[in-house]
Amino acid sequence: MTTTMRQQDGAEDVVIAGAGVAGLAVALGLHRKGVRSVVLESSPVLRTSGFAIMAWTNAFRALDALGVGDTIRTKHAQIQGVRVMSSSTGEVAREMDLRVQGKLWLGLAKLSDSGRTATRGHARYPGGHGFEHKMMQFSGQGFRAGMLPCNDTDVYWFFTWSPPSRPDGKEDDDRRSPAAMKQFVLAELRSINAPAKVLEAVERSEMNDVLVAPLRYRPPLSLLSASISKGNVCVAGDLAQGACVALEDAVVLARCLGDAIVGDGTETVEAALRRYAGIRRWRCAQVIAASYVVGLVQQSDHAAVRFLRDRLLSGVLAKGLLMMPDYDCGTL
């Protein structure tokens, strides 16, 4: 998302490119600060890929800052714990409770290919699904997966793996159709004795709710050295991975811009954007690095790594997963 400032009819306006999580949250934050903005979006319809986000503690702190946290809490299931499932028995190996709630010209490097691909799905249960409000995590030989309820009638699941490359360097597209992808996911989950209820949720997912996309990331070192802002333009929501961090970006950006525009006039918009970039640079680099390492270990098919992961590191990885969201982006 890029944000620009312009002078129009004697008033400062903010133009936000992209009506994603970050774009809409920045617009709301600016509105709370008394600043006008306009949001531009190229897609004419909502996309299935935006069906669900996992809002951790950091996200709800950002949503509270925006004034919508309580509203969202009442409309969606709140996950009460994480269950790490054994890759050999399919039983619960460890359970943890939760007490939580255009860019190249800016100097940012191209997104790098992580070598992993992800698919995700959405299962509907009109009469209720019966899942506990806990997230289930699975790891197998070269894949990792998760499943959690969104509310009493909807279940969200994801599955990531490292697809083999063809001699021409391109990925194998044999599993790109939704039907083939579902069967692939089901076969892999059966290989680790995943519970029947989990398999049934994947089977229940509609074809148009099963999506496949490569996982890309921004190298942390490139983020530390690149320009996040240039003049009156900056990037938000596309610095690190995940909607939770995008919400953090939005609150910080709205705060910095709002203070510059409606403040005492001692800070220019350009300086406010540089301040925003300085606040977010290290945080985003930290999240990217941690996400990459945890995902690499969870998804590894190396025998030694699998042994350490399943016997010794399952709790460490789960705790690491929960430490990153323990962050407060502050208020508007």
Nearest 0.5 angstrom please: Cys150 SG to Lys75 NZ, how far? 15.0 Å

Which distance, rounded to the nearest 0.5 Å, do you find between the CG of Asp328 and the OG1 of Thr57? 10.5 Å

Using a 3.5 Å distance criterion without hydrogens, assess whether the side chain of [X] forms a donor-acceptor pair with backbone atoms of [Y].
X	Y	result
His302	Gly142	no
Gln80	Gln78	yes
Ser114	Leu215	yes
Ser300	Val297	no
Lys197	Gly130	yes
Arg281	Ala226	yes
Lys33	Val262	no

Say whether Leu199 and Val155 are linked into one hydrophobic cluster, either directly or through other cluster members, by side-chain heavy-atom distances under 4.5 angstrom. yes

Linking I/L/V/M/F/W/Y whenever their side-chain heavy atoms sit closer than 4.5 Å, directly or via other members, would Trp282 and Val287 fall into one cluster? no

Distance under 6.0 Å and angle within 45° of the ring axis: does Arg61 meet both against Tyr327? no

Does the Lys NZ or Arg CZ of Arg116 fall within the cation-pi geometry relative to Tyr292 - under 6.0 Å from the ring centre and within 45° of the axis? yes

[Y] and [X], any side-chain heavy atoms less than 4.5 Å apart:
X	Y	answer
His133	Pro149	yes
Arg218	Cys284	no
Leu223	Ile288	yes

Taking it one step at a time, do Asp113 and Arg216 satisfy salt bridge (charged side-chain N to carboxylate O under 4.0 Å, His left out)? CA-CA 5 Å; Asp113 187 354; Arg216 294 186 171 90; 5.6 Å; no

Glu248 bridged to Arg280 by N-O distance under 4.0 Å: yes

Give a yes or no on whether a salt bridge exists between Arg73 and Asp64, defined as a side-chain N under 4.0 angstrom from a carboxylate O. yes

If you compare all heavy atoms of Cys256 against all heavy atoms of Glu267, which two are closest, and at what distance to 0.1 Å? O-OE1, 4.3 Å

Parallel under 30°, tilted from 30 to 60°, perpendicular over 60°: which one fits the rings of Phe159 and Phe143? parallel

No-hydrogen, no-angle side-chain donor-acceptor test under 3.5 Å, Thr119 and Trp161: no

Checking Met136 against Leu148 for the side chain to side chain contact (heavy atoms under 4.5 Å, CB included) test, could you report, in this order, the C-alpha distance in whole Å, the side-chain angles of both residues, the deciding distance, and whether it holds? CA-CA 6 Å; Met136 290 182 285; Leu148 67 162; over 6 Å; no

Check against side chain to side chain contact (heavy atoms under 4.5 Å, CB included), Leu257 and Leu273: CA-CA 7 Å; Leu257 280 176; Leu273 294 183; 3.6 Å; yes

